[in-house]
Amino acid sequence: MGISKMGQAVGLRSLYCGQVSASEIGNSVTLCGWVQRIRDHGEHLSFIDLRDHTGIVQVTTDRITDIKPEYVIRVSGTVAPRPEGTENENLSTGTIEIRDVEIEVLSQAAPIPFALDDRGDVEEITRLRFRYLDIRREKMQRNLRVRAKVNSAIRRSLEDQGFTEVETPMLWTPTPEGAREFLVPSRLQPGSFYVLPQSPQIAKQLLMVGGFDRYYQIARCMRDEDLRADRQFEFTQLDLEASFITQDEIHEFVSSTMREIVSLTRGTEIGDFPKMTWREAMDSYGVDKPDMRFGSKLVDLTDILGSSGIRAFSAECVKGIKAPISEMPSRSKLDALIAKAKSLGAGGLAYFKVIQEGDNLAFESPLAKFLDEKLTAQIIEKLDLVAGDLALIVADKWEKAVEVLGAIRLELGRNGLNHDDLKFVWIVDFPLFEGLDDNGRPISAHHPFTMPHNDDFGLLDSDPLSTRSQSYDLVLNGWELGSGSIRIHRSEIQSKIFEIIGISEEEAHSRFGFLLEAFKYGAPPHGGFAFGIDRIAAIMAGEENIREVIAFPKTQSGQDPMTNAPKPVSQKILDTVGLRTLPKASKPGSN
RNA sequence: GGACCUGUGGUGCAGCUUGGAGUGCACGCCGGCCUGUCAAGCCGGAGGUCGCGGGUUCAAAUCCCGUCAGGUCCGCCA
């Protein structure tokens, strides 16, 4: 075996399949790979498409015996030009073929349970059961390599910016806050538990206290919460933290890393990312992660309709949009939108088709009769409507109205969105608290170590729910890629926050004692960010599901169809960690 | 915890509304033919507990109830 250089075939082979080019004509080569397809023309002529991760090359031979698809073979032969007229433009190696070959079967293969070409869809459960076959497919090869490039870009960019990679423990201490944690029983301390980290949040703050200045880690995180298209139990984050910096500087660190990722995976350069306050995002798009690839902002109609006396619109907030569509949705589509609005908690969804009536525009709608000419004209002007347009209006409390109409906006705009169009946006000035708990205490929106907005310290006592924080999200094409904040590094501010959210000094001490203690010994001002690598990799690969960029993902019920995990273990094993299982009848979480 | 969709030879689908023999299509598999194919072609063949259980019916892939599995979403994800 020779010394492996990057991209150069060694060992059992002299070249990779995709590397065989016209410049090799006349050379003897040895190739290894899988049999992609056999075209058998009888005893005088047969073709084998030989595949490895670099591509496919055609092997020509006069007799074929005992070779079947997906056999692993080693082929020695001569590179020859194909006869004129038989070149294949669809293949990078399409002008040549391998002739006069010796074929050695390295490994036989049973018939493959599903087609490995991209001819048709295969049920995901089948793909997952045989994931090692699924990832032979070109698409999965490409996706996982895109993901590797994302990691590579991250390391390159952050190291250029002075960040140091530090690993933090996978066996961490329970911190009953936020996401449900995976428990790991201790063998040496039966009855006690570690947890798998839901993020390295506290560890990285301790690294700041430890003087590391700029830390990053490509960190695996575990959360025992329900799964989704964009959520697995375990996921990978780029986690970073820096000392003596401002929010804007963190944004620049992350933005330039994103630019590096896009550059390496897409080969395109992107400019600066716009910033938008949380309030503005909610008001104009109805979500805190707006998809900026299309317009159709929500328009405030409260002035016009809120006091119009029309019952359907008498609410705290009235919002409308011009549907971002070129053609009128069908009756059933409209019904589906109304059903969606109702399922999200709106009283209803008012719609107005705009029609030409003589020289004027008019509305066609069950509610049209309630609108006089003046109101109609005002709405048409505000929403910038022309004949053939559709206006959709929701009236409710502010939060409900924008949220519902924001979902409708997405529903209408989703079609025809371009994966290659990357619209990043920073969302800033999130609320420090979101809602009240059962005891009427504000709940931390991000986490309790988030620094309040510099201008809002005065509101902490008088109007905590209006307090903004120094936290921020990075959003791409309607996906929340990640979030971060400037942290509290002074104990009197931290105590104040704990007081507001109702954590007593004793409780704070028992939960986060080690962090609070660390802050006593000289904590630098610091802040950071974390974003999901699964999500950015999926977007860069043009996928809508992060399972497509994960080698061995789990199903929505948290099972792995390949290994059948999770599985019961014997009582003998449980004994070593001091555990006993409940009878099957009592399901977890129910009494 | 909840809503919706899906489950039919190895794979992907049609059949289900309006019950009447496991009926059909494509791919794959097995055998045969074939000297320039590249999703090769032609001929022949094998392969099924219609996810599982119960019910209605003379009769169920089809209707009803339950259940399991997969997916999307809500809740949940500091």
Side-chain angles (χ1 to χ4, degrees), chain A residues 36-51 56-63 68-70 82-91 93-94 97 99 110-130 133 175-181 198-199 201-202 221-233 235 336 339-340 342-345 403 407 410-411 430 432-435 437 442-450 469 471 480 483 485 497 501 503 511-512 530 532 544-545 547 554-559 561 587-590:
Chain A
Q36 172 83 7
R37 196 167 277 117
I38 298 165
R39 291 178 295 280
D40 182 355
H41 288 239
E43 47 178 314
H44 301 291
L45 180 67
S46 290
F47 303 101
I48 298 169
D49 284 343
L50 185 65
R51 179 195 76 232
I56 288 173
V57 65
Q58 175 167 285
V59 175
T60 306
T61 182
D62 55 355
R63 63 190 143 56
K68 291 180 181 174
E70 298 305 315
R82 293 193 184 189
E84 204 174 329
T86 66
E87 298 90 351
N88 184 351
E89 290 175 4
N90 300 322
L91 228 49
T93 60
E97 60 191 10
R99 280 194 213 154
I112 304 298
F114 56 94
L116 298 188
D117 55 29
D118 290 327
R119 268 203 256 175
D121 291 336
V122 180
E123 288 241 8
E124 196 176 358
I125 183 77
T126 308
R127 295 174 52 203
L128 293 183
R129 190 169 295 139
F130 303 97
L133 298 179
T175 51
E177 265 289 314
R180 188 180 299 113
E181 295 163 325
Q198 47 170 311
S199 94
Q201 177 61 38
I202 294 177
C221 306
M222 279 53 113
R223 294 181 187 174
D224 191 0
E225 299 287 354
D226 287 358
L227 285 61
R228 286 284 194 286
D230 61 351
R231 274 161 36 193
Q232 287 268 305
F233 284 151
F235 58 100
K340 179 161 186 119
K342 286 182 175 167
S343 77
L344 292 170
E403 189 187 308
L410 264 185
E411 190 71 27
F430 274 78
L432 187 60
F433 305 108
E434 52 178 13
D437 67 14
I443 303 165
S444 285
H446 190 55
H447 54 60
F449 316 116
T450 303
S469 67
S471 69
E480 183 204 319
S483 59
S485 63
I497 298 297
I501 63 178
I503 295 182
R511 283 198 203 174
F512 315 113
E544 294 189 344
N545 192 309
R547 293 191 298 272
K554 295 188 176 48
T555 66
Q556 200 161 43
S557 62
Q559 291 174 303
K587 278 197 163 181
S590 67

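Per chain, numbering begins at 1; letters A, B, ... match sequence-line order. Hydrogens, waters and symmetry mates are skipped; everything else that's a heavy atom, side chains included, is used. Everything numeric in this text was worked out from a predicted model, so none of it was measured.
For the OP1/OP2 pair of B:rU37 and a distance below 4.0 Å, the side-chain nitrogens and oxygens of A:Thr86 include no atom meeting the criterion. Between A:Gln559 and the phosphate of B:rG70, there is a side-chain N or O to OP1/OP2 separation shorter than 4.0 Å. Using a 4.0 Å cut-off, no side-chain N or O of A:Ser46 falls inside it from OP1 or OP2 of B:rU37. For B:rG10, the OP1/OP2 oxygens have no side-chain nitrogen or oxygen of A:Arg129 closer than 4.0 Å. Within the 4.0 Å cut-off from OP1 or OP2 of B:rA39, not a single side-chain nitrogen or oxygen of A:Arg39 is found. Remark: A:Gln58 is not in phosphate contact with B:rU37, judged by side-chain N or O atoms under 4.0 Å from OP1 or OP2.
Nucleotides B:rG36 and B:rG41, compared at atom C1', are 13 Å apart to the nearest Å. Nucleotides B:rG9 and B:rG47 place their P atoms 15 Å apart, quoted to the nearest Å. Here, B:rU8 and B:rC50 have their C1' atoms 4 Å apart, quoted to the whole Å. For the P atoms, the distance from B:rA3 to B:rU17 is 25 Å, rounded to whole Å. Taking the C1' atom of each, B:rG32 and B:rG48 are spaced 26 Å apart, rounded to whole Å. When the P atom is compared between B:rC74 and B:rG20, the two are found 40 Å apart, to the nearest whole Å. The same atom, C1', is picked in B:rG15 and in B:rG22; the two are 11 Å apart, to the nearest Å. Rounded to whole Å, the C1' atom of B:rG51 lies 16 Å from the corresponding atom of B:rC5.
Atom CD of A:Glu124 and atom C1' of B:rU11 are 16 Å apart (whole Å). As rounded to whole Å, 9 Å separates atom P of B:rC29 from atom CD1 of A:Ile38. With rounding to whole Å, A:Glu89 atom CD is found 20 Å from B:rG36 atom P. One can place CG of A:Asn88 at 10 Å from C1' of B:rU37, the figure rounded to the nearest angstrom. Atom pair A:Lys68:NZ and B:rC29:P shows a separation of 9 Å (rounding to whole Å applied). A straight line from CZ of A:Arg228 to P of B:rA3 spans 15 Å, rounded to a whole angstrom. Distance, A:Ile56 CD1 to B:rU37 P: 18 Å, rounded to whole Å. Taking atom CD on A:Glu97 and atom C1' on B:rG36, their separation rounds to 8 Å, with Å as the unit.
Within the nucleic acid shown, A:Glu434 has no heavy atom closer than 4.0 Å to any nucleic acid atom. Among the protein residues, A:Pro113 comes within range of the sugar-phosphate backbone only, with heavy atoms under 4.0 Å from sugar or phosphate atoms but none that close to a base. Across all strands shown, A:Asn545 has heavy atoms under 4.0 Å from sugar-phosphate atoms exclusively, and none from any base. Counting non-hydrogen atoms under 4.0 angstrom, A:Ala115 reaches nothing in the nucleic acid. As judged by a 4.0 angstrom heavy-atom cut-off over every strand, A:Pro69 is placed among residues touching the sugar-phosphate backbone only.
Residues forming a side chain to side chain donor-acceptor pair (under 3.5 Å) with A:Arg39 (at least two apart in sequence, or on another chain): A:Asp49, A:Gln58. Every residue meeting the salt bridge (Lys or Arg N to Asp or Glu O under 4.0 Å) condition with A:Glu124, not counting sequence neighbours, appears here in chain and number order: A:Arg547. For A:Phe512, the ring-ring contact (aromatic ring centres under 6.0 Å, His included) test picks out A:Phe449, A:Phe498, with sequence neighbours left out. With sequence neighbours left out, A:Pro561 forms a side chain to side chain contact (heavy atoms under 4.5 Å, CB included) with A:Ile125, A:Leu128, A:Arg129, A:Thr555.
Once rounded to the nearest 0.5 Å, the distance linking CD1 of A:Ile112 with CG of A:Leu133 reads 5.0 Å. Atom-to-atom distance recorded for A:Ser557:OG and A:Leu227:CG is 8.5 Å, nearest 0.5 angstrom. Annotation: the span from A:Glu97 atom CD to A:Asn88 atom CG amounts to 11.5 Å, rounded to 0.5 Å.
Remark: B:rC25 base-pairs with B:rG12; criterion is Watson-Crick or G-U wobble with both hydrogen-bond distances under 3.5 Å. If you check B:rG66 for Watson-Crick or wobble pairing at under 3.5 angstrom, you find it paired to B:rC52. Taking a pair to require two hydrogen-bonding distances under 3.5 Å in either a Watson-Crick or a G-U wobble arrangement, B:rG31 pairs with B:rC43.
Judged by distance alone with a 3.5 Å cut-off, a donor-acceptor contact links the side chain of A:Arg231 to the base of B:rC76.
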Report all interatomic pairs (protein N or O, nucleotide N or O of nucleotides 32-34 of chain B) with separations under 3.5 Å.
residue: B:rC34; atom: N3; partner: A:Asp40; partner atom: O; Å: 3.2
residue: B:rC34; atom: N3; partner: A:Gly42; partner atom: N; Å: 3.3
residue: B:rC34; atom: N4; partner: A:Gly42; partner atom: N; Å: 3.3

What pairs of nitrogen or oxygen atoms, one from the protein and one from nucleotides 7-9 of chain B, lie under 3.5 Å apart?
none

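Between A:Thr126 and A:Gln556, the residue anchored nearer the 5' end of RNA chain B, judged by the nucleotide with its closest heavy atom, is A:Thr126.
Ring-base stacking between A:Phe114 and B:rU11 is not satisfied when judged by a centre separation under 5.5 Å and a plane angle under 30°.
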